[in-house]
Number of protein chains: 2
Amino acid sequence: MRERPYKHALDLLQRAGLRPTKQRLALARFLFDGHDRHVTAEQLHARALEDRVSVSLATVYNTLHQFTRAGLLREVVVDANRSYFDTNTSEHHHFFHEKTGELQDIRDVVVANLPQPPAGARIARVDVVVRLDDTDESGDVVTHSGPADRADI
Amino acid sequence: MRERPYKHALDLLQRAGLRPTKQRLALARFLFDGHDRHVTAEQLHARALEDRVSVSLATVYNTLHQFTRAGLLREVVVDANRSYFDTNTSEHHHFFHEKTGELQDIRDVVVANLPQPPAGARIARVDVVVRLDDTDESGDVVTHSGPADRADI
DNA sequence: TCAACAGTTTAGAATCGTTCTAAAGAAACC
DNA sequence: GGTTTCTTTAGAACGATTCTAAACTGTTGA
C-alpha cells in the first residue's frame, strides 16, 4: 500500500482505459493511497485544491463517475443530499453517523433470509446501512454492555 | 382498512396534533387507505391534482415531513435523486428496482453479526436495500432455481 | 517533428429536487 | 365577530449535480 503513488495511479488509469491526465492522476493518487475513503465530490475537490492541484468541480464529478464505472469506486447512497464514493469496492456495509455525515466500513455483517427477487429481476447488490445517533445529549458515558447486541432486527 | 376514510384520516391528524385542513386530509386519505405505499413528493402532488385537490408542491413537502415527524411515514433513502416516503412504518426492508425506481417492502430479512457501534453512538436504525437489476436484456425467462439463494453476502 | 484527431477540462449556465419567504387564507379561541 | 395562531401558497432561492461549447492536451502516425 505504500507503493510509488505515481506508478500505482498511472497503472489504475491505464487499466481503466483512461488517459493519465494531470487531474486524474492527482485525484487517483489521493483516492487510492491504500486507505479506505468515503468522499463527496465537494470534499475531493477541496482536497485537490489544498494540494494545489487545479481541477474544476465538473472534472471531479466526471472523474468520480469514470472511476465508478471502471470499478475503482463504489457509490454509496445514505444521504438524500449528497453522494459518497467509497474506495473500498469489496463486499462490506456501513455505519452512517447521521450527525456528522461520516461513513465507516463494517465487515462481516450477515444478511439472511432474503426473499426471492420478483420474476425478471436479479439482485444486483445488497446494501446495509446502520444509522447511528449520538448516545445521549446529556453527555452520559457509554457503558459497554448496552443494547445493540440484539443484532437481528 | 376499509373504514370511513374521512374519519380515519381526521383521526390520524388529530392524534398528530395537526389541524385537519383540506390539503392534509386529502393527502392523508390517499396515503393511509390501508395500502403500503412508497411515494415521492412529486408523485403525491400529481396524484392529488388528479383527484382535483388543489395543493401546492410546497405543502406536499411540508405535509410529508410533518407526517414523518409524527411517525405516520418513514423516509427511505435509496436514490440520490429523490426521497421516498413509506406508509409502512414497521420493521421491514426494501427491494429497489433500479430501472423503474419502484420500491417494494420485504419482510423477515435477518441481519446478524453487526459490530458494536463506536463509543458515544447508538444504532438508530438498520436499513437493508436490495437493489434489483433486470435479469437479462435478451428477455430470457427466469428459471426459478437461479442464484439469489445465497442469502448471505 | 508536427499536424490532426480524439479525448479531456473548464467556466458558467442550466437543471432538478427541495427549502425558504413573506403574504394571503383558514382554523381555533375568546 | 375579532383576534390569534397555524397553514397554504407562489415564487424566489438553494445546493448538488449535470450540461454545454469552447479551449486544451495527449496520442498517433506521417
When rounded to whole Å, the CZ to P distance for the pair Arg69(A) and dG7(C) reads 14 Å
Between Ala80(B) and Gly17(B), the residue closer to the 5' end of DNA chain D by nearest nucleotide is Gly17(B)
- Query: Between dT19(C) and His65(B), is there an OP1 or OP2 to side-chain N/O distance shorter than 4.0 Å?
  - Reply: yes
Rounded to whole Å, the CG-P distance (Asp79(A) to dG17(C)) equals 17 Å
Would you mind classifying the nucleic acid contact of Asn62(B) as base, sugar-phosphate or nothing, using non-hydrogen atoms under 4.0 angstrom? base
Could you tell me whether the phosphate oxygens of dT25(D), OP1 or OP2, come under 4.0 Å of any side-chain nitrogen or oxygen in Gln23(A)?
-> no
Angle class for the His92(B)/His38(B) ring planes (parallel below 30°, perpendicular above 60°, tilted otherwise)? tilted
Numerically ordered, the residues 45-61 of chain B set in heavy-atom contact under 4.0 Å with DNA chain D is Ser54(B), Val55(B), Ser56(B), Ala58(B), Thr59(B)
From CG of Leu44(A) across to P of dT9(C) the rounded distance in Å is 13 Å
When rounded to whole Å, the CG to P distance for the pair Asn81(B) and dG15(D) reads 18 Å
Identify all pairs in which a protein N or O lies below 3.5 Å from an N or O of nucleotides 26-30 of chain C, and state each distance.
none

Main-chain N/O of Val78(B) paired to Arg131(B) side chain as donor or acceptor, under 3.5 Å: yes
**Message:** Mind checking if Thr40(A) touches a base, just sugar-phosphate, or nothing, with heavy atoms under 4.0 Å?
**Reply:** nothing
Polar side chain donor-acceptor pair, Asp86(A) to Asn88(A), under 3.5 angstrom | no
Q) Quick one: does Arg82(A)'s side chain have a donor or acceptor within less than 3.5 Å of a partner on Ala41(A)'s backbone? A) no
note: Arg82(B), atom CZ; dT19(C), atom P; distance rounded to Å ~ 15 Å
Exercise. Looking at side-chain heavy atoms only, is the closest gap between Gln43(B) and Arg47(B) below 4.5 Å?
Worked result: no
Less than 4.0 Å between a side-chain N and a carboxylate O, is that true for Asp33(A) and Arg29(A)? no
Per ring-ring contact (aromatic ring centres under 6.0 Å, His included), Phe67(A) is matched among Phe32(A), Phe30(A), Phe85(A) by Phe32(A)
Side chain to side chain contact (heavy atoms under 4.5 Å, CB included) test vs Gln66(A) passes for just one of Leu27(A), Leu73(A), Leu18(A), namely Leu18(A)
Whole-Å distance, Leu13(A) CG to dG7(C) P, equals 16 Å
Between CG of Leu18(A) and P of dT25(D) the distance, given in whole Å, is 19 Å
Applying ring pair (Phe, Tyr, Trp, His ring centres under 6.0 Å) to Phe96(B) and not counting sequence neighbours gives none
